[in-house]
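Notes for the one structure printed next.
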Amino acid sequence: MQARRSRLFKIVNATRALFRFMRQKKAALGWRRSFLCVFSVICVLFIIHFIFLWLTLPSISEETILSASQSTVITDRNGVELYRVFGDQDRTMVPGSEIPDVAKKAMIAIEDRRYFDRGCIDVRALARAAFSFGRTGGASTITRQLARNALNLKRDYLINRKIKEFILGCQLESRYGKEELLSLYLNWIPFGQNAYGIQQASSRFFGKDAKNLTLAESAVLASLPQLPSYFSPYGRHVRTEVSEELRRKILDGTVNRIDQVRDADVTIGLLGVTIGSGSTALTAGSKAGGMGTGHLLYVGGRADQVLRSMQDAGFISDDVRKKAENELKTMTFKQIRENIRAPHFVLWAKDQVENLFANSPDRGLLEHGGLTIQTTLDWKLQEAAEQVIAAHKEDVSNRFMASNIALVAIDPKSREILAYVGNTDYGSDVGEARIDMAQVPRQPGSSFKPFVYASAFSNGYGPATVLYDVPTKFGDYAPQNFEGSFWGLVGARRALGGSRNIPAVKAYFMGGQEKEILDLAEKIGMPSIKSRMPEKGYGAALAIGAAEVPLVEMVQGYATIADGGIVKPAVGIIKVTDSRGALVVSGDDGSIWGLLRSESGYDRAGKQALDPRIAYEVTSILSDAGARPNEYWKSVLSVPGTQAAAKTGTSNKCLEREEKPGGDPETAGILWPWLRRL
């Protein structure tokens with residue numbers, strides 16, 4: 001970052017010097033002659049610079065000059081290695097004759113459609129990029145991509161890199177034929193997951209040789225080189241995601257054609273997704289109005305875009321494309337076991353680094369390496385967290401019929417994530433072990449009650465406010481306490497400490513009901529509850545945790561209360577350095593926090609989202625062992641010698657969803673505890 005700023009200052013200063021020179025020469029030579037003079041000087045300097053770069057370029061006479069990518073290492077805060085994104089390049093070279101024609105055409109269609117027709121410089125693409133100021137894409141060709149990646153030009157200054165790409169691209173095309181160059185490209189490029197070249201990618205993802213790839217599988221592989229981490233078959237973006245609003249519109253029939261779908265409502269994944277219920281899906285490639293039975297819509301992914309590009313280029317027919325699309329809908333990937341510590345956290349950290357580089361010239365740097373990503377995780381605490389999860393796995397399964405457990409520990413002052421367990425056993429090939437349940441919305445149950453009371457306290461009530469724990473009906477809603485008894489007259493302190501349901505619902509009305517409570521939740525770091533709210537709302541059941549929220553947001557909300565009502569973004573990365581040890585981004589120079597600010601709306605300094613007096617009152621109640629209902633809870637929620645605030649939450653039902661009415665027994669009975677040292 002500092003190097004870029006320095007280069008920018010040099011360009012600005014050089015421009016100023018040029019204008020001063022022209023003003024000085026204007027009187028003696030006139031504007032026209034002075035302009036021609038300056039233009040000639042610039043041309044001569046450019047030619048000299050061009051010749052210098054040409055003479056200093058590596059020779060491509062030997063294929064061995066293709067330098068191997070370096071590993072990117074992700075570590076904990078103390079340097080303990082968690083994962084090596086790319087170790088030694090895992091590549092198996094295969095001759096071009098063993099690469100299927102559909103795989104070659106898929107790559108050409110999405111990356112360089114005029115590959116066989118153009119010269120070493122695609123003049124048409126250059127003109128298009130120039131006239132649109134880059135908005136319609138650049139003029140990058142397969143040959144230039146090979147030169148950029150193979151000769152490690154990623155870290156070069158932008159103008160130098162572009163010049164080198166043009167020179168080396170032309171040299172490569174003069175030395176190799178088009179077919180030979182395409183085979184070299186497909187054998188060399190990274191596809192993610194440490195798979196270099198199409199043979200290794202085919203083996204890794206599909207368990208087969210490249211020569212046996214189908215059209216659909218070829219489209220998937222052609223989708224990966226652009227963003228291997230983002231589109232990883234084992235990452236978070238395997239399937240396209242749609243907004244809750246679009247999902248509702250598809251289900252009620254308001255949206256029944258793909259041309260009615262807004263880009264803003266879709267997050268493209270590797271594969272497409274079918275929304276709704278019915279017998280026949282309208283796909284992204286269908287004509288408008290070709291709706292099947294029921295409210296069903298297929299929203300395509302990156303692989304579908306590849307197939308559409310192949311059809312547009314005349315490589316495949318419409319019928320062949322549709323057949324391949326049907327294969328994509330049911331496609332699965334070969335399961336792999338990775339030597340990876342804190343796997344769900346590592347994948348989340350990788351996503352953050354990918355986002356840092358997404359709109360910069362360094363895009364793809366994560367895949368090509370030499371980086372060291374120092375995270376906030378403490379491996380010793382992580383091991384302890386994983387041991388806790390393992391110890392309770394069988395008990396949770398027997399008592400609650402639940403197979404997923406997640407745990408997140410955060411420093412409430414710095415908001416650095418210290419331990420992060422996304423699920424019970426990432427290496428398992430059974431069930432949902434690879435799903436990061438810390439990021440998946442689930443009902444928090446009674447652990448949401450402190451935020452309801454915080455909203456009530458904001459309206460003038462307090463820990464001493466008297467509530468009545470007696471049988472009460474709120475319209476048609478008649479909540480019950482967990483064990484079925486009633487405590488009668490009770491103060492808010494004891495009602496919250498004892499996690500009484502009926503007083504919590506009364507606090508809901510004192511807190512301003514749904515709108516004020518949801519606004520508060522959003523302000524303190526839990527936006528999902530409001531953004532995911534169903535059309536009919538949550539109603540009074542919101543008070544006892546009927547809404548759904550990801551664990552990471554709940555921890556963020558509790559951290560806000562623990563930090564006196566100040567909201568800050570949770571952070572998982574301390575710094576990123578390159579292969580030479582130079583700083584790429586860090587929390588100190590604000591670059592990481594800049595990303596988090598753009599995503600969350602608040603920055604490193606934080607913002608006072610809740611009155612500190614109210615945060616203190618809630619914390620006081622949660623740390624008051626005397627307010628807990630009996631000796632058992634006083635014991636299990638206390639830490640000897642330490643004052644601790646704690647709240648548990650249980651839920652035995654899920655919000656009804658059209659696609660799976662009645663809830664899901666695999667995730668019912670979740671218990672989320674929080675313990676905070678004061």
Side-chain angles (χ1 to χ4, degrees), residues 96 99-150 162 165-166 168-174 176-191 197-198 201 210 213-228 230-231 258 263 268 270-272 283-286 300-325 328 363-364:
I99 301 176
D101 192 50
V102 290
K104 296 177 181 177
K105 289 180 176 178
M107 193 65 73
I108 290 172
I110 198 66
E111 294 291 345
D112 189 1
R113 190 177 297 182
R114 297 181 57 251
Y115 175 70
F116 283 106
D117 300 325
R118 59 161 178 77
C120 68
I121 298 176
D122 192 342
V123 178
R124 186 186 304 178
L126 275 173
R128 182 178 65 247
F131 281 108
S132 65
F133 298 98
R135 288 191 298 271
T136 60
S140 183
T141 64
I142 282 177
T143 315
R144 285 178 54 199
Q145 289 180 47
L146 177 61
R148 179 193 314 146
N149 294 317
K162 293 299 181 183
E165 285 177 14
F166 279 118
L168 290 169
C170 289
Q171 288 181 348
L172 286 169
E173 294 208 7
S174 67
Y176 300 101
K178 291 283 189 178
E179 284 287 351
E180 189 178 8
L181 199 57
L182 181 59
S183 298
L184 180 61
Y185 173 79
L186 288 169
N187 270 299
W188 201 94
I189 57 173
F191 289 86
I198 194 168
L213 286 169
T214 66
L215 172 59
E217 291 165 346
S218 298
V220 168
L221 294 187
S223 304
L224 297 176
Q226 183 191 60
L227 288 174
Y230 182 89
F231 289 118
I258 199 65
D263 290 343
I268 294 294
L270 178 62
L271 305 176
T283 70
S286 301
R302 170 76 171 168
D304 296 271
Q305 294 175 349
V306 174
L307 292 174
R308 170 57 68 183
S309 294
M310 292 182 73
Q311 182 182 352
D312 292 343
F315 294 152
I316 58 175
S317 66
D318 187 60
D319 289 340
V320 171
R321 177 186 60 78
K322 290 179 179 178
K323 183 179 179 181
E325 278 183 347
L328 290 177
R363 194 173 87 173

Are [X] and [Y] packed together at the side-chain level, in the sense that at least one heavy-atom pair is separated by less than 4.5 angstrom?
X      : Y      : value
Leu271 : Asp304 : no
Leu307 : Leu215 : yes
Phe315 : Ile108 : yes

Could you tell me which non-hydrogen atom of [X] sits nearest to which non-hydrogen atom of [Y], and how far apart they are?
X      : Y      : result
Ser218 : Leu213 : OG-CB, 3.7 Å
Ile110 : Ala222 : CG2-O, 3.7 Å
Phe191 : Gly197 : CE1-C, 3.4 Å
Ser223 : Val306 : OG-CG2, 3.5 Å
Ala103 : Ile198 : CB-CD1, 3.8 Å
Leu328 : Ala216 : CD2-O, 3.8 Å

From [atom1] ([X]) to [atom2] ([Y]), nearest 0.5 Å:
X      : Y      : atom1 : atom2 : result
Gln226 : Arg302 : CD    : CZ    : 4.0 Å
Leu182 : Met107 : CG    : CE    : 8.5 Å
Asp312 : Arg113 : CG    : CZ    : 5.5 Å

Any residue meeting side chain to side chain donor-acceptor pair (under 3.5 Å) with [X], in chain and number order, not counting sequence neighbours:
X      : value
Asp319 : none
Glu179 : Lys104
Gln311 : Arg308, Asp318, Arg321

Phe231/Ile268 under side-chain contact (heavy atoms from CB on, under 4.5 Å): CA gap, chis, key distance, verdict: CA-CA 9 Å; Phe231 289 118; Ile268 294 294; 4.2 Å; yes

side-chain contact (heavy atoms from CB on, under 4.5 Å) between Leu224 and Leu270, worked out: CA-CA 8 Å; Leu224 297 176; Leu270 178 62; 4.0 Å; yes

